[in-house]
*Asks:* 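Attaching a single structure in structure tokens format; questions to follow.
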Amino acid sequence: MKRSILSTIIASLIAASPVHAIMSSSATDYEVKSATAITTTVNADVKKSLPFSDTSDFVDANRGFIADLASGEILGSNGKPVYSMSSFNFLEGQAPDTTNPSLWRQSILNATSGLFEVTEGIYQVRAWDLANISFIRGDSGWIIVDPLLSTETASAALELVREKVEDLPVSAVILTHSHGDHFGGVRGVISEEDIDSGKVPVIAPDHFFEESVNENLMAGNQMSRRASYMYGNLLEKSPTGTLGSGLGTTTSSGEFTIVKPTIEIGHTPTHLNIDGVEMEFMYTPGAEAPAELMFYLPEFNALMQAEEINKTMHNLYTLRGAQVRSGLDWSKYIQQTIENYGDEVEISFGSHHWPTWGNERIVDYWEGQRDTYRYIHDETLRLANHGMTMLEVAESVKLPESLSSGFANRGYYGSVSHNAKAQYQLYYGWFSGNPAELNELPPVEEGQKFIEYMGGSDNILEKARADFIDGEYRWVATALNHVVFAEPDNQEAKNLLADTLEQMGYQAESGPWRNFYLSGAKELRQGVMAAATPNTSSPDIVKNLNLETYLDYLGVRLNHPKAAGKELSFNVVMPDINQRFTLNVENGVLNYTMNKQMDNPQATIQLDRSVLDAINLQQTKVSDAIDAGDVQVLGDKDKVNQFIALLDVFPFWFNIVTP
């Protein structure tokens, strides 16, 4: 689930009150609509445009099957499911009219679950979480690669491997990159003794730990809310709801953990012998993840491709919001892989999807992935240098048939459209250069003027109904969005916009696009609803959060207009970690200086880091900690209270499709 997982954890733990628990409107029943004739035709045309007769992916996805969990679900300590494989059992047969046939095909493949033999000595458990967990037979035990998002799913996978293949201890863990669905279950496969003694090495890319703990803290609440759309957390799993994410099925909701690596990989190549298995590591930061590695197994002629190579076009920009990734860098990493191993590789397996076997097929697959990212990057810049704007570029970039006809390059997770926009943004930012777009009105004001110019909302609705019948969904959505922001109580406009987004979702080939459209439709009809999201409140993350990063986040939470005109100054002492720093509020901003104390602060605050962690984990309140003497304030307590009152709490369930 990528960056949003860590965002959810940190944003929820550092806020002064829990998130994910606010419901801003009550539920109302609504009717899910069927596909219109236009949508049915569009989806039928997809069946004619792609080589659906090619079943090689289905052969590969089922190859080496050993066993699956008979119950179809994995339970947490409370007896409730943290992940359900059976919830995707509806994915079978021909695509219904309410789904893009290409996405339906991908979703069936993604939901193919169980324990599989990749080759003798390499095994994977797939579709027991968003990602895969892999097992490599070492001399003394199992080398585990990417132990999923939750301890429960990772532990269940290890138990199945021990039962069906060989009952061995864990001899090493490899974490390929700094996204939570690849390391969150690590304490489900290694014990505290293993961690404390260091007898089980944990290998990860350089900067893995800080990237994993700190990533996206500043923007976390917004990012996590949007992720509830992107991953379909609000939707039923059904032919009219979410089909998964395109990258995989969905996220588990169990215990989330992290451990510090004992071995870090920071350059290419790095040669290691891990429990008798020779490995050649490639350090690949800044493409799919800020900290990432791939590795080659010469004994098996096999590449562990991590998440650099997938059975889908990945995101150069993720729709929940994140820093843009470079398609050029991404393509160069894959090119380097081809140069290093293309002559000898026979197996390519990764952190998502199913493996590929056979040298010729693998090299063709790698080249397609490489050229997909390079084409989008280079063509975006070519068109931009002709003077095209971001929107014009996104409308114009089309992959050549040699790439677009390959299912592995289709936009099930990323898309050509939003990836092209990402590359434009990477180089040029948000501004097109047109001064009319330099200082546009915000959505509510723009909507009000739009309605005025169009002769009122009734007139717009009349035109929108006609365009809806004609299948002009993109324009209908644009026009009605203005009406909804100008008149948020106009339920007729909201209902028609919901119907429109629904059809766009039914047509979408991208899993996240479908989830966004259908989640928007649901919210327009039902209002904003609190829903289940991954339960990733993790002491591991909070206790290892860098103190300076935490203070930077306090600066984000400061209500700057209210703080303007106030001057606050404090010394802070944390005896248990021998840490001292200053806090200053002036000019509406928060600054701090580490390892320093002021001569005349307004107050000195003393608390242990462990107390701060307990407050962040909501195990205690600031007021209770003060009463208990765990937080001591020497000086002007009123100034301290003023500071605490200036810190915003970010509501999670804010509106997205209405003001």
Side-chain angles (χ1 to χ4, degrees), residues 122 134 136 145-146 174-179 182 203-208 211 263-274 277-316 323-353 355-381 399 402-403 406 408-409 414 419 422-423 426:
I122 302 177
S134 302
I136 301 168
V145 185
D146 287 356
I174 300 174
L175 311 173
T176 63
H177 59 292
S178 55
H179 291 155
H182 302 274
I203 301 104
D206 201 17
H207 304 299
F208 163 83
E211 291 291 353
I263 300 173
E264 293 185 326
I265 306 299
H267 65 273
T268 300
T270 296
H271 297 270
L272 293 177
N273 184 298
I274 307 297
V277 180
E278 294 293 330
M279 299 185 180
E280 299 175 10
F281 289 90
M282 295 175 61
Y283 181 50
T284 59
E288 192 274 333
E292 190 152 7
L293 59 77
M294 298 188 283
F295 60 90
Y296 190 71
L297 302 167
E299 174 187 347
F300 300 95
N301 288 336
L303 179 81
M304 206 307 159
Q305 64 204 33
E307 205 166 325
E308 306 280 12
I309 302 171
N310 302 278
K311 296 293 185 178
T312 177
M313 180 195 306
H314 211 292
N315 286 310
L316 298 179
Q323 295 182 28
V324 171
R325 304 159 183 174
S326 169
L328 180 61
D329 290 347
W330 202 320
S331 70
K332 286 184 175 181
Y333 287 136
I334 301 177
Q335 172 63 17
Q336 186 179 23
T337 304
I338 295 170
E339 291 172 357
N340 291 344
Y341 308 114
D343 291 339
E344 60 191 67
V345 66
E346 293 295 338
I347 301 169
S348 186
F349 66 107
S351 300
H352 291 277
H353 304 125
T356 305
W357 290 267
N359 180 265
E360 185 176 346
R361 291 181 67 215
I362 290 170
V363 173
D364 182 64
Y365 165 42
W366 289 357
E367 289 175 345
Q369 288 274 284
R370 175 199 65 190
D371 294 344
T372 294
Y373 301 121
R374 183 80 191 229
Y375 188 96
I376 293 172
H377 173 275
D378 291 359
E379 180 68 354
T380 294
L381 291 182
L399 291 179
S402 58
L403 293 174
N409 306 323
N419 281 343
Q423 300 309 277
L426 180 65

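Please read these numbers as outputs of a predicted model, since none were measured by experiment.
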*Asks:* Angle between ring planes, Tyr341 versus Tyr296, binned at 30° and 60°: parallel, tilted or perpendicular?
*Replies:* parallel
*Asks:* Does the Lys NZ or Arg CZ of Lys311 fall within the cation-pi geometry relative to Tyr365 - under 6.0 Å from the ring centre and within 45° of the axis?
*Replies:* yes
*Asks:* Which residues satisfy the salt bridge (charged side-chain N to carboxylate O under 4.0 Å, His left out) test with Glu367, sequence neighbours excluded?
*Replies:* none
*Asks:* I would like to know whether Phe281 and His267 meet side chain to side chain contact (heavy atoms under 4.5 Å, CB included); could you show each step before the answer?
*Replies:* CA-CA 8 Å; Phe281 289 90; His267 65 273; over 6 Å; no
*Asks:* How close do Tyr375 and Leu403 get, counting heavy atoms only, and between which atoms?
*Replies:* CB-CD1, 4.3 Å
*Asks:* Looking just at side-chain N and O atoms, do Glu346 and Asn359 make a donor-acceptor pair shorter than 3.5 Å?
*Replies:* no
*Asks:* For a quick test of reading the model, state the closest non-hydrogen atom pair linking Glu292 to Ala289 and the distance between them.
*Replies:* OE1-N, 3.2 Å
*Asks:* Quick one: which of Asp378, Thr372, Asp371 gives a side-chain hydrogen bond (donor to acceptor under 3.5 Å, both in side chains) with Arg374?
*Replies:* Asp378
*Asks:* Give the intermediate values and the outcome of side chain to side chain contact (heavy atoms under 4.5 Å, CB included) for residues His179 and Glu288.
*Replies:* CA-CA 10 Å; His179 291 155; Glu288 192 274 333; 3.2 Å; yes
*Asks:* Answer yes or no: is there a side-chain heavy-atom contact under 4.5 Å between Asn315 and Arg325?
*Replies:* yes
*Asks:* Atom CD1 in Ile362, atom CD in Glu344: separation rounded to 0.5 Å?
*Replies:* 11.0 Å
*Asks:* Pair His352, Glu307 - check side-chain hydrogen bond (donor to acceptor under 3.5 Å, both in side chains), show working.
*Replies:* CA-CA 7 Å; His352 291 277; Glu307 205 166 325; 3.0 Å; yes
*Asks:* Does atom CD of Glu339 have more than 12 heavy-atom neighbours, drawn from other residues, nucleotides or ligands, at distances under 6.0 Å?
*Replies:* yes
*Asks:* Any side-chain donor paired with an acceptor under 3.5 Å for His177 and Glu308?
*Replies:* no
*Asks:* For the pair Asp329 (side chain) and Ala287 (backbone), establish whether a donor and an acceptor sit closer than 3.5 Å, ignoring hydrogens and angles.
*Replies:* no
*Asks:* Is there a donor in the side chain of Thr337 and an acceptor in the side chain of Trp366, or the other way round, less than 3.5 Å apart?
*Replies:* no
*Asks:* Would you call Ser134 and Met304 a side-chain contact if the rule is heavy atoms closer than 4.5 Å?
*Replies:* yes
*Asks:* Using every non-hydrogen atom in the two residues, find where Val277 and Phe300 come nearest and quote the distance to one decimal.
*Replies:* CG1-CE1, 4.4 Å
*Asks:* Would you mind reporting whether Met294 and Pro205 have side-chain heavy atoms less than 4.5 Å apart?
*Replies:* no
*Asks:* What I'd like to find out is whether the side chain of Lys332 reaches to under 4.5 Å of the side chain of Leu328, using heavy atoms alone.
*Replies:* yes
*Asks:* Just wondering, do Asn409 and Gln369 contact through their side chains at under 4.5 Å, heavy atoms?
*Replies:* yes
*Asks:* Give, for atom OG1 of Thr176 and atom CD1 of Ile265, the distance between the pair rounded to the nearest 0.5 Å.
*Replies:* 12.5 Å
*Asks:* Give, for atom CG of Asn340 and atom OG1 of Thr268, the distance between the pair rounded to the nearest 0.5 Å.
*Replies:* 8.5 Å
*Asks:* With distance as the sole test, does Tyr333 use its side chain to make a donor-acceptor pair with the main-chain N or O of Arg370 at under 3.5 Å?
*Replies:* no
*Asks:* Please examine the side chains of Phe295 and Ile203, heavy atoms only from C-beta on, and report whether any two atoms are closer than 4.5 Å.
*Replies:* no
*Asks:* Mind listing the closest non-hydrogen atom pair of Val345 and Ile347 along with its distance?
*Replies:* CG2-O, 3.3 Å
*Asks:* For Leu316 versus Ile376, what's the shortest heavy-atom pair and its separation?
*Replies:* CD1-CG2, 4.3 Å
*Asks:* About how many Å separate CG of Asn301 and OG of Ser348, when rounded to the nearest 0.5 Å?
*Replies:* 12.0 Å
*Asks:* For residues His314 and Trp330, determine if any side-chain heavy atom of one lies less than 4.5 Å from a side-chain heavy atom of the other.
*Replies:* yes
*Asks:* Could you tell me the separation between the CD1 atom of Ile334 and the CD atom of Gln305, rounded to the nearest 0.5 Å?
*Replies:* 9.0 Å
*Asks:* With side chain to side chain contact (heavy atoms under 4.5 Å, CB included) as the criterion, how do Asn273 and Met279 come out once you've worked through the C-alpha distance, each side chain's angles and the decisive distance to 0.1 Å?
*Replies:* CA-CA 6 Å; Asn273 184 298; Met279 299 185 180; over 6 Å; no
*Asks:* Do you know the tightest heavy-atom contact between Ala306 and Leu293?
*Replies:* CB-O, 3.2 Å
*Asks:* Can you check whether Pro298 reaches Glu280 side chain to side chain, under 4.5 Å on heavy atoms?
*Replies:* yes
*Asks:* In Å and rounded to the nearest 0.5 Å, what is the CG to CG distance from Leu426 to Asn419?
*Replies:* 11.5 Å
